[in-house]
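Here is the naming used below: chain letters follow the sequence lines, and residue numbers restart at 1 for every chain. Only this structure's heavy atoms are used, side chains among them; waters, hydrogens and symmetry mates stay out.
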Amino acid sequence: MSFEHDELTRASLDHCVKCTICETACPVSAVTPLFSGPKYVGPQAERFRNGESVDHSLDYCSSCGTCTLVCPQGVKIAELNAQARAVMKQDHMPFRDQIISRTTLMGTAMTPTAPLANAALRVKPIRVAVEKVMGIHRNAPMPTAHSQTLPAWFRKRGPRSTPATRGPVIYFHGCAATYFEVETGKMTIEVLEHLGYEVLVPKQGCCGLPLQSNGLFDAARKDVRSLVDDLRKAGTDIPIVTASTSCGGMLKHEAREILGVRDPELADVGTRVRDICEFLLAMYDAGELDTAFRPREVTLPYHPPCQLKSHGIGTPAIELMELVPGVTVVESGVVCCGMAGTYGIKKEKYDIAMAVGAPLFAMVKETNPDLAVCDSETCRWQIEQATGAKTVHPIAIIHAAYGLGASG
Amino acid sequence: MRALVVGAGLAGLTGALRLRQAGLEVVLVTFGTGGIQLGQGTVDVLGYAPHRVTRPLEELRGFAEARPAHPYGLIGTQAVAESCAWLRDQMPDLLVGDGTQNTLVPTGLGSWRPTALAQPTMTGEQSSGDASYLVVGLTQLKDFPADLVAGNLARQPAPSGGTASARAVWVDVQPRDEADSFALTYARALERPAFVEELAAAVRAHARPGETVLLPVSSTVHGTAVHAELQRLIGNPVVEVHLPPPSVPGMRINLRLTELVKRSRVRMMVGSRAVGLETSGSRVTGVWVGTAGSPTLVRADAVLHAPGGFESGALEYDSYGHLREHAFNLPVWAPDTDLVTSDGLSAQALFQCGVAVGDDMRPLDTTYDNLHLAGGILRGADRAREKSGDGIALGSMWRATNAILKEAR
């Protein structure tokens, strides 16, 4: 496996002027001397790699993508690192990484036995055993399974109760909303319907992001191509809206820039994907968003996830939530929560992940220890586990403010 | 009314903040972090003309009159003075001075650099008599050659005019377990009171009465309070020396300004380039922004374009000799001479290249009513040699935002 074929990403390393901006922003090198930083393991080390890595500290990169985001010269640092790490891991891929990157597998296994599975994951001796056998840290946050998946709920619920006044939108729910955070999916659908959209929920699989971030590129490509087909079946000139911001980013840019997928079908889907907050704020800018929100006096600590920031759309959730009278949003001011997808649950990365997120956890506890907001699911689980604060997607604030109540 | 600002350097961030404070909706678009954290954390108005300048605001007019293409001719002294005072008032704990008199601050090479507004960590210099300096090297920090700094300081008069003597010492206080730390690692360590005490104790063991201690890092990136504490514990005046990037004092200004911008609810879009203008006749109605997946059209009633110069990629000069303004293809002016000469130490005309504007900062030779430029994209200045970049950024921002605010009314 080598990436000479993706010369554009590799060629961007020559844009590097060694300004150090990426190094100052990297959340991992800030907390551990084990990681030399993005400039070292990215454009610098790439010159020495002819496929193979000479610097194995690369493995500590969490793929948060902050380096690429802050680089003023357009060096695709995170993408270079992701590709180099895949090459580095290919001959000794841990069994654990094969499992945790297959979210649909985990979801399918846990759903029928949800109460038992959830309880088991809270039993300490079981977690210790899992840590020894699989290398998943005993204290790492684990997703909570539900007895009913989101697609099953949607099918059983039947059609919307009021006629659609706007056109259709395709809802890309992602694996987390399918199996683990069904509530987030329900709320997103209900808000879109409240705004008059007809929400289409085609049968859909995984975007392949966890496979990609663990270096399983062939499997990731298979998944993302399959998902692209699934979404296109619902229509090819309708917006695709997602509340799963990291998966949205996979379709918008990562599948192309990291996996090198250049299919026109992916481009068709990628150009139509919108993060739900991006979508709603655009409606507001156009004067089309219902702003009859119930007031709510609350101060919300808000953490924009790395994988939202990399969309390059800013942090639309802040302005959106502050449209609700009485809501004050306080942005975390911290780069990364530490989870970075599956990075933070790994035994050998857990302490680093917790150190990366420590200032965020402190900020949440200080700002509102009961309620925090974050657009990305694994970040929510990380924040909730570390702080005890109920952590929700911004859509939950909007859903409540529209008076849509507890979902049926 | 909505303004769109391109760029998160000094001109972009201050322009966005000023417009927002005046009540406009503001969207700021930036491709990456801006350059403030790569700079010295000071505000340079005019340092060399080419003689060393002592009273920059007074010399500004004469300086500009001798250079017809220079942006200071359009900006004027008043805009520079007002904008510097305004910036200082946004962060009074971080900046002192007003441009009446340049301060001399020590550099990481042991020279003295003139600047108009400095951080209070850099101004512990005494104003009269002879000076003796204790230059403190930190063993894990390779960017600060303490012996070279001390040697050079001793070869020049002190800023007070008296003679200078200097000696170097090295202290071994590890911010963390590694052989090679950069300045930011020390700044982060200074957030821990125990490390502040450890560093102070190590320096105090060497410092003699009457010496001014020169340290390459003396406070955190959040403010200057730790500097005061260090100084108290050491018992000698302490002066912070700024280093090449990552510049801790530069990061202080950048972090503070960014926080102010975000808290004022400027909509910041980080990571996307401005890639085109949407126009209706001679009015710009929006800016196309290269967001992931597909470009986004951001509607705007006015645009402040402050993308920087060559160093940020806003201006390009290719191997065919073509000059280009990257975002909107604005016409780029070049002086009528060879742009690059083989004598690397002499002034390069290349750096004078940029876009020509009128006194409301709108580009000449284009027909846009509501597009204004500021900062490094302007033609006619060799900012590094003159030490004029920050004054140009602030002064042009002031002019441009004045024009935008006038239209808003």
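In this structure, no portion of A/Glu254 lies under 4.5 Å from any heavy atom of chain B. Looking at A/Val273, neither its backbone nor its side chain comes within 4.5 Å of chain B, counting heavy atoms on both sides. Contact of A/Ala267 with chain B is not made at all, since no heavy-atom distance falls under 4.5 Å. Heavy-atom distances place both the backbone and the side chain of A/Val329 under 4.5 Å from chain B. With a threshold of 4.5 angstrom between heavy atoms, A/Thr68 does not approach chain B through any atom at all. Heavy atoms of A/Cys71 lying under 4.5 Å from chain B belong exclusively to its backbone. Proximity to chain B is limited to the side chain of A/Arg274, based on heavy atoms less than 4.5 angstrom apart. Neither the backbone nor the side chain of A/Leu34 comes within less than 4.5 Å of any heavy atom in chain B. Heavy atoms of A/Gln73 lying under 4.5 Å from chain B belong to its backbone as well as its side chain. Only the backbone of B/Ser312 has a heavy atom closer than 4.5 Å to any heavy atom of chain A. For a residue to count as touching a neighbouring chain, one of its non-hydrogen atoms must lie under 4.5 Å from one of that chain's; by this rule B/Glu259 does not touch chain A. Contacts of A/Val75 with chain B are absent, with no heavy-atom separation under 4.5 Å from either backbone or side chain. Proximity to chain A is limited to the side chain of B/Arg2, based on heavy atoms less than 4.5 angstrom apart. For chain B, the nearby part of A/Ile318 is the side chain; its heavy atoms alone come within less than 4.5 Å.
Contact check on A/Asp285 versus B/Arg267 returns a salt bridge, with a Lys/Arg side-chain nitrogen under 4.0 Å from an Asp/Glu carboxylate oxygen. Salt-bridge check for A/Arg262 with A/Glu257: failed, with every basic side-chain N at 4.0 Å or more from each acidic carboxylate O.
Annotation: salt bridge (Lys or Arg N to Asp or Glu O under 4.0 Å) contacts of B/Arg188 (sequence neighbours excluded): none.
Counting heavy-atom pairs closer than 4.5 Å to chain B, the top residue among A/Glu278, A/Arg272, A/Glu23 is A/Glu23. Of the listed residues A/Val17, A/Leu281, A/Leu251, the one with more heavy-atom pairs under 4.5 angstrom with chain B than any other is A/Leu281.
A donor-acceptor pair shorter than 3.5 Å cannot be found between the side chains of A/Ser376 and A/Thr245.
Between the side chain of A/Thr367 and the main chain of A/Pro301, no donor-acceptor pair closer than 3.5 Å is present.
When ring centroids are compared, B/His305 and B/Phe328 come within the 6.0 Å threshold.
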